[in-house]
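Here is the structure we will look at, set down as structure tokens.
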Amino acid sequence: MAARRGKPSSGIKREKGTRTVLWALGTVWAAVLAARGVEGDNDTQEPENCRNHTAYVACYPAPNITCKDFSGNETQFTGKGTGFYRPIECRNVNGYSYKVAVALSLFLGWLGADRFYLGYPALGLLKFCTVGFCGIGSLIDFILISMQIVGPSDGSGYVIDYYGARLTKLSITNETFGKPQIYL
């Protein structure tokens, strides 16, 4: 009841500019973004200023901190001004829902509706004309879309709920391969 009257239900003081979390799963990411000072989009659960998989967050140094830059200039912070902007990782999304893509692939994949939705009209038409490659192509596409291997054609990510199945792709590069182990 306390949260309905605008008072925090957990007994924590609310600062100006923070958001009250009324339900646990759907707004956790919005609360994290608000705590960081980032405006988040409620539909995509991503920062609004996400460009090239990077969003910049304003960092506020503690009061009475003096920083010296490379040219020797000293800056005294009061705790109210922005000290610098820190880059955080984010996903570029254009409105393609993961739930819709999986549902289309499961129920209408044999008609190519999943490929039309994701922006692959040639493959969608081919699946439509061949009845989902006699069902085998529909099954393969359902697995590929469910595992997020096939995504939207524009290279953006799916809109996935914060508590949804978001996968992170791992890769081996020259920076990660063959590094010696350091034992402490």
Side-chain angles (χ1 to χ4, degrees), residues 3 10 17-59 84-177 179:
S10 62
T18 60
R19 297 179 184 168
T20 304
V21 179
L22 297 178
W23 52 91
L25 296 176
T27 60
V28 171
W29 186 240
V32 169
L33 291 176
R36 289 184 177 175
V38 179
E39 289 297 322
D41 187 3
N42 289 331
D43 294 331
T44 63
Q45 303 292 325
E46 294 295 328
E48 288 181 352
N49 59 352
C50 182
R51 301 286 182 263
N52 297 325
H53 301 286
T54 305
Y56 291 94
V57 180
C59 293
F84 59 94
Y85 289 92
R86 177 177 173 250
I88 61 169
E89 186 177 340
C90 61
R91 297 177 312 119
N92 293 334
V93 292
N94 283 338
Y96 292 100
S97 172
Y98 175 70
K99 291 178 185 178
V100 171
V102 170
L104 285 173
S105 182
L106 181 62
F107 298 113
L108 297 174
W110 58 277
L111 292 174
D114 53 351
R115 290 296 186 149
F116 280 114
Y117 175 72
L118 293 175
Y120 300 101
L123 286 174
L125 186 62
L126 189 61
K127 278 179 71 175
F128 179 77
C129 292
T130 61
V131 189
F133 300 112
C134 297
I136 296 171
S138 298
L139 177 65
I140 292 171
D141 268 355
F142 175 71
I143 292 169
L144 292 176
I145 291 172
S146 297
M147 294 178 63
Q148 299 175 20
I149 294 172
V150 172
S153 64
D154 61 359
S156 64
Y158 288 113
V159 175
I160 300 175
D161 295 332
Y162 178 74
Y163 51 87
R166 182 178 299 166
L167 300 178
T168 303
K169 295 179 183 176
L170 300 176
S171 62
I172 296 175
T173 63
N174 289 337
E175 295 177 8
T176 59
F177 180 73
K179 290 215 174 198

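Note that these values count all heavy atoms, side chains included, but never hydrogens, waters or copies made by symmetry.
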Check: [Y] and [X] side chains under 4.5 Å, non-hydrogen atoms:
| X | Y | result |
| --- | --- | --- |
| Arg86 | Tyr56 | no |
| Val150 | Leu118 | yes |
| Leu125 | Phe116 | yes |
| Glu89 | Thr54 | no |
| Ile160 | Gln148 | yes |
| Phe133 | Leu126 | yes |
| Val102 | Tyr158 | no |

task: Quick one: which residue pairs count as a salt bridge (Lys or Arg N to Asp or Glu O under 4.0 Å) with a foot in residues 147-159, not counting sequence neighbours?
output: none
Find the distance between [atom1] ([X]) and [atom2] ([Y]) and round it off to the nearest 0.5 Å.
| X | Y | atom1 | atom2 | value |
| --- | --- | --- | --- | --- |
| Asp141 | Ile136 | CG | CD1 | 12.5 Å |
| Ile145 | Ile140 | CD1 | CD1 | 12.0 Å |
| Leu139 | Leu144 | CG | CG | 9.5 Å |

task: Could you note down all residue pairs passing side chain to side chain donor-acceptor pair (under 3.5 Å) where residues 100-113 supplies at least one of them, sequence neighbours left out?
output: Ser105-Asp114
message: Looking at Lys127 and Ser138, would you say the former's side chain and the latter's main chain have a donor-acceptor pair under 3.5 Å?
response: no
message: According to ring pair (Phe, Tyr, Trp, His ring centres under 6.0 Å), who are the partners of Tyr117, at least two apart in sequence or on a separate chain?
response: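 Here the qualifying residues are Tyr96.
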Minimal non-hydrogen separation, Cys50 against Ala55, with atom names: CA-CB, 4.3 Å
- request: Please report the closest heavy-atom contact between Gly119 and Ser153, naming both atoms and the distance.
  value: O-OG, 3.2 Å
